Amino acid sequence: MPAEQYAIQTGTHPEVTTAKNIARYREQLSKIGFCYDWDRMVRTCDPDFYKWTQWAFIQMFNSYYDQEADKAKPIAELVKRFEKEDPTWATKTEREQQEILMNYRLAYLADTKVNWCPALGTVLANDEVSEGLSVRGGYPVEQRVMRQWSLRVSAYAQRLLEGLDRIDWSESIKETQRNWIGRSEGAEMLFQIKGLDEAFTIFTTRADTVFGVTFMVLAPESEYVQKVVTAEQQAEVEKYLQWVKTRTERERIADRKVTGVFAGSYAVNPLTNKEIPIYISDYVLAGYGTGAIMAVPAHDSRDYAFAKHFGLPIIPLIEGADVSNESFDAKEGVMMNSGFLNGMQVKDAIAAMKAYIEKEGIGRVKVNYRLRDAIFSRQRYWGEPFPVYYKNGMPYMLPEECLPLQLPEVDKFLPTETGEPPLGNARVWAWDTEHKQVVDKSLIDNKSVFPLELCTMPGFAGSSAYYLRYMDNHNNEALVSKEANNYWQQVDLYLGGSEHATGHLIYSRFWNKFLFDLGYICQDEPFTKLINQGMIQGRSNFVYRYIGEGATGNLFVSFNLIENPEYKDKVQPIHVDVNIVHNDLLDVQAFRSWLPEYKNAQFIYSDGSTDEDNPYIGQATPKQYICGWAVEKMSKSMFNVVNPDDIVAKYGADTLRLYEMFLGPLEMSKPWDTNGIDGVHRFLKKLWNQFENLSDDEPTPDELRSLHKLIKKVTWDIEHFSFNTSIPAFMIAQSELSKCSKKQILKEFAVLLAPYAPHIAEEMFSLCGGVGTVFDAKWPECNEKYLEESNVKYPVQFNGKVRFTIELPKTASREEVEKAVLQDEQTPRFLNGGSPKKIIVVPGKIVNIVV
RNA sequence: GCGGCAUUGGCGUAAUUGGUAGCCGCGCCAGACUUAGGAUCUGGUGACGCAAGUCGUGUAGGUUCGAGUCCUAUAUGCCGCACCA
């Protein structure tokens, strides 16, 4: 998208921009010393790669979800079934047959209400829209109906949900996906419309509350709206519907005021046979359930607010529930006012009512999912073309052997003047079915040459299965060979941001399960283990501009003084470039030359003095201006951006790597504060100095102990992704071994350090006589023999408080330890005249005496 | 509103199975070397207290010989979802 935006602005082909960005990223990754097997590189915009994206799309088009088998199957099997079971099938025209099949295909065309963004000339997915504005660009988005490709992700809802229990992902991201899938068990019920031979279906999770239904509500977009509007109400309803249309998504969400309108008609409560009014309100969403609800104001807070506003009756259904001021939403208590449900617990009442509904044929038990199908068309240029041509308005797939269908050249990357997507600008963009090739559009005759699809695929098309391609990226015969797939199986560890929770990580799982169903791959989940790395946040600094009486806009107050009465509420915090602040002290000269507006900046320093008090600022005893700080997103506008390239240039990649790990646990977000970096840099320098005069002497037991302690720690840390705790271990070992220059020790040290600080470790390894690269060296093994201590230092507690420690042989038995502690000269002091009530000895750990 | 995660010195953090809270680093303080220091080295640094000692892991309870760790409630912050029936 940025590449396409750039193309629109400058005419530079997105391919050029993308190639440049890839090169830049690769350079940066290399600079930091990341190891990748570049032979396995894939690029989703490369025709050799997107051939398989198109191939997968064709498979989805040619598949349906078999509910009984609970998996995807070839659509040919469904056709066979229709031929066998439906006598009218053969009498239908091809077009009719195709239209029916479209309701089953996993990739299908449908009229969808979409988020249309006029400024971008494109449709956005739900997760690409935020508060009525496009996530990228921030343009207004409106609702519009459009015929688009969709992927039937919803068919996999239950399996996507169940699969979560079998994968080792963070609880937070699994929970996010569970919520996104949104399974709810409930019932669908029919409500007759009075005076019409029509009924509409509602979905409810609270079947037990039917006796308390006092009105119905339809979503403004519901197809039933026109049917239930009476002549008298027509004008008012129209007015309301028009008003709803003008509301942006943002307003609909943010505004919690009750709005709605009476439709004029009544429905009949199937249990009480009472007539209840039908309303239209935008608090009911068209996209969820059936777009219609039965309102139970006593036990649903939104229904309650609506009933209060329109003066509708509220019937409490649970004994003891006070609904005079708010609804009682909890699913607990004993039923009342509910006919045959009276006296039952809510849970039992729900079950009883569901059974009743099915028995009486007024509805059915239903599981509802919030998860919606993914819209798969984009009105953009820079994406994978669909391998699709249109015959009589019906889509047909290109033969698989003709893939990839390459993206055509266009003059401009904008939508056409007639509102077609950018591919409408391509001249050579028609499919010749006889010669099986792309030909000039002027040749379209709708007999053997047909128009090609003008939309392209979205970003997640290429990113959904790329990991499978890593397994076998040079294979021209298959996405991945059986052999390669059986060898690699699935991704062992996926390290990624949590922002992908409801997008990429759902689509990938869907895509993978689909390929699994068709037998192309051997695992139904793509990513065994997933870790969300924390975000590196920015640490901003502030100066405080005086805005009180007599302010010139040029005076800045030190942070430590801003709470003083003369400055309190009279200063305005202003972001200042973190690069001219050191340990929260402002470089005032640099500040004055930073931006022209600060050229004549004056300061009230930390001791309350001003520039005039000391004309020799910056010389003998510099006064200090203290800055405030805050943790915020790293962003240019907050002047807290730190470029890794600059850090590498100044300290080297190894220091950058060590410091980044040192900041804290992998999964945790943390602020980047360059000020602490000297610590790890010093460590590397000190360690490096030990390699000056290397010796071949035999190591002492102490040296071996330090080394093997380190081996044990670092090995454990790596296996547990606890890289931050390794750095202190290295520092401690370095400090213990600071006098050691023995190759035997330092060589192993270098091997341990290699994953953390690869460049310097490689040098160190070589200096110690290591052969080849350190990365091929055998990982050191911890020998417990060197760690054994003959004595244990027991902390001795009295009533849980540590009073002293006592050193005893490791072999001492429980009784011996107890005896030794009681005989210790310090013990009587803490017994305080009393006698030990109980003595707990944990061998090798601790002693606790209860007095 | 629902769900997840977090809360430990001035700061980033550590404490791996319920067993000496604060490792390591930054910052700060003192000293050494130095013409000088945003260099290097050494020592100190949770709070209160002269000390013995007392207190101390957001808050309030609980379990336990013993709780940063387990349980209950609660506050605050961050993230995700949301007029979701």
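Everything numeric here is computed off the predicted structure, so don't read it as measured data. We name chains A, B, ... by the order of the sequence lines, and we start the count at 1 in each one.
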For A501(A), side chain to side chain contact (heavy atoms under 4.5 Å, CB included) partners two or more places apart:
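Counting only residues at least two positions away or on another chain, A501(A) forms a side chain to side chain contact (heavy atoms under 4.5 Å, CB included) with I173(A), T176(A).
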Whole angstrom value for the distance that separates P of C81(B) from NZ of K174(A):
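It is 19 Å, rounded to the nearest whole Å.
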Distance in angstrom units between I202(A) CD1 and A85(B) P, rounded
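Checked: the CD1 to P distance equals 12 Å.
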Please find the pair of heavy atoms, one from E185(A) and one from F203(A), that lie closest to each other, and give the distance.
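That closest heavy-atom pairing would be C-CZ, 4.4 Å.
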Using a cut-off of 4.0 Å on non-hydrogen atoms, how would the nucleic acid contact of R183(A) be classed: base, sugar-phosphate, or nothing?
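Here R183(A) touches no strand at all.
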Touch class at under 4.0 angstrom, heavy-atom based, for V850(A) against every strand present:
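Since only primed, P, OP1 and OP2 atoms lie under 4.0 Å of V850(A), the category is sugar-phosphate.
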Any N or O donor-acceptor pair linking the side chain of K845(A) to the base of U20(B) at under 3.5 Å?
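Under the 3.5 Å cut-off, the side chain and the base do not form any donor-acceptor pair.
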Heavy-atom donor-acceptor pair, N848(A) side-chain to C65(B) base, under 3.5 Å
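Answer is yes: a donor-acceptor pair is held.
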Could you run through nucleotides 24-30 of chain B and give me one letter per nucleotide, 5' to 3': B if any protein heavy atom sits under 4.0 Å from the base, S if only the sugar-phosphate is that close, - if neither?
BSSS---
Check whether any side-chain nitrogen or oxygen of [X] sits under 4.0 Å from OP1 or OP2 of [N], and answer yes or no.
X       : N      : answer
K670(A) : G12(B) : no
R302(A) : C84(B) : yes
R370(A) : A85(B) : no

If the glycosidic angle is within 90 degrees of 0 it's syn, otherwise anti, so just tell me which one G10(B) is.
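Classified anti.
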